[in-house]
Amino acid sequence: MAVSVNGTTGVNIGTSGATLTFPDSSTQNTAATGFGFKNRIINGAMVIDQRNAGASVTLASGGTYTIDRWQGYEDTDGVMTAQQNSSAPTGFINSLKLTTTTADSSLASTQFALVQQKIEGLNIADLGWGTASAATVALSFWVRSSLTGTFGGSLRNSAQDRSYPFTFTISVADTWEQKTVTIAGDTSGTWLTTNGIGIHVAFGLGVGSTYSGTAGAWAAAQYFSATGATSVIGTLNATFYITGVQLEKGSTATSFDYRPYGAELALCQRYYQLITAHLAQTTSYPYSCGTIKRAAPAVTSSAGNLSLAGITPSVDTFWARDTVAAGVYSIYISAEL
Amino acid sequence: MYKLISVISGAGLVQRLSDKAFIPFAEDNTDYQAYLAWLAEGNTPLPVDEQGVQQ
């Protein structure tokens, strides 16, 4: 059935605050951009933690995977830990908590701490970034910090020669607040649409001047955050919690794309998977990687005595035995970005 | 530090000794990319064992 108003097919709501009411009395006042799988971020609700099962990890300068798909970097004179946490706003059960355990209150220009997710290029191909028809995206997330002020982050391409620093304000300490950032797509630069890195989505936790840029504009530079943003690593025992992270196509942030747990886990397992398997000692047997991996994975085991029989793993299979003793082992399969 | 496990053309393996992870010679594997960067810094992996491919 079509609705015609003044000879035009369709219904137009152009008034601020207008609400569309359906026959079942449900309402909608924002445009839907999709009814599922609209979120390009994986594990945005911070519920999957295959590696650490809720344990705390200390971030390293070369990057440390915390909960699934989220990677923290700490390349300062301070120390920062990351851990899945049960503090969360209504509608969520987990968050990622970053804590400064040794402060660095005077960052050198090239020092930084951040947490980020690398979105695979295949999952952002429709955005058309790097072309004249680059689509606008909306980034939304919930944050809580012991600090208040202006915080920052950025979106970057794979080569890290295109960056969009952004800011958001935390007004009240230790209180969950939802933030939204609208970003016009980048019409320049190279944005991979392959199984490589499509977009880095980063939240700065203290970033030196070299990697900080002007908020709200694309730049041909490697910026992790916005100039003048609050440094979490700069204050001992400072905390920064984040959850409900969503990056979606369109200029309006919509409700969080809360996917079934099994679906979210499978999405994570394209990049990293923990399996438990019995390994023989003298004979290698083939094992499934589980979910098909993004790329041929690196493989190791809990005992560290794994042998792959000299056979390179594929995206779906590897051969293995334990060189010391047959038994049941945890096997870690990684094809992270 | 790394150790070569297999150097079969197009299907090699190297082991990262810090966590004993086996890393495939796959261009789109980021652990392999890190290995290549390590080589580019002038480092050399330990050789394949004398008996050839580690079984």
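Here is how names work: the chains are called A, B, and so on, in the same order as the sequence lines, proteins then strands, and each is numbered from 1.
Screening A/Arg69, A/Arg270, A/Arg40 for a salt bridge (Lys or Arg N to Asp or Glu O under 4.0 Å) with A/Glu120, the sole residue that qualifies is A/Arg270.
For B/Tyr2 and B/Tyr35, the ring centers are positioned less than 6.0 Å apart.
B/Asp28 is linked by a side chain to side chain donor-acceptor pair (under 3.5 Å) to A/Asn195, counting only residues two or more places apart in sequence or in another chain.
A side-chain donor-acceptor contact under 3.5 Å links A/Gln50 and A/Asp68. Checking A/Lys293 against A/Gln269 by side-chain atom types alone, no donor-acceptor pair falls below 3.5 Å.
Of the atoms belonging to B/Ala21, heavy atoms from both backbone and side chain fall under 4.5 Å from chain A.
For chain B, the option among A/Gly196, A/Gly304, A/Pro313 with the highest count of heavy-atom pairs below 4.5 Å is A/Gly304. Ranked by heavy-atom pairs shorter than 4.5 Å toward chain B, the options A/Gly62, A/Pro297, A/Ser314 are led by A/Pro297.
Taking non-hydrogen atoms and a 4.5 Å limit, the residue list of residues 330-337 of chain A in contact with chain B, ordered by number, reads A/Ser334, A/Glu336, A/Leu337.
No side-chain donor-acceptor contact under 3.5 Å links A/Trp129 to the backbone of A/Gly189.
Shortest non-hydrogen contact noted between A/Leu59 and A/Leu98 is CD1-CD1, 4.1 Å.
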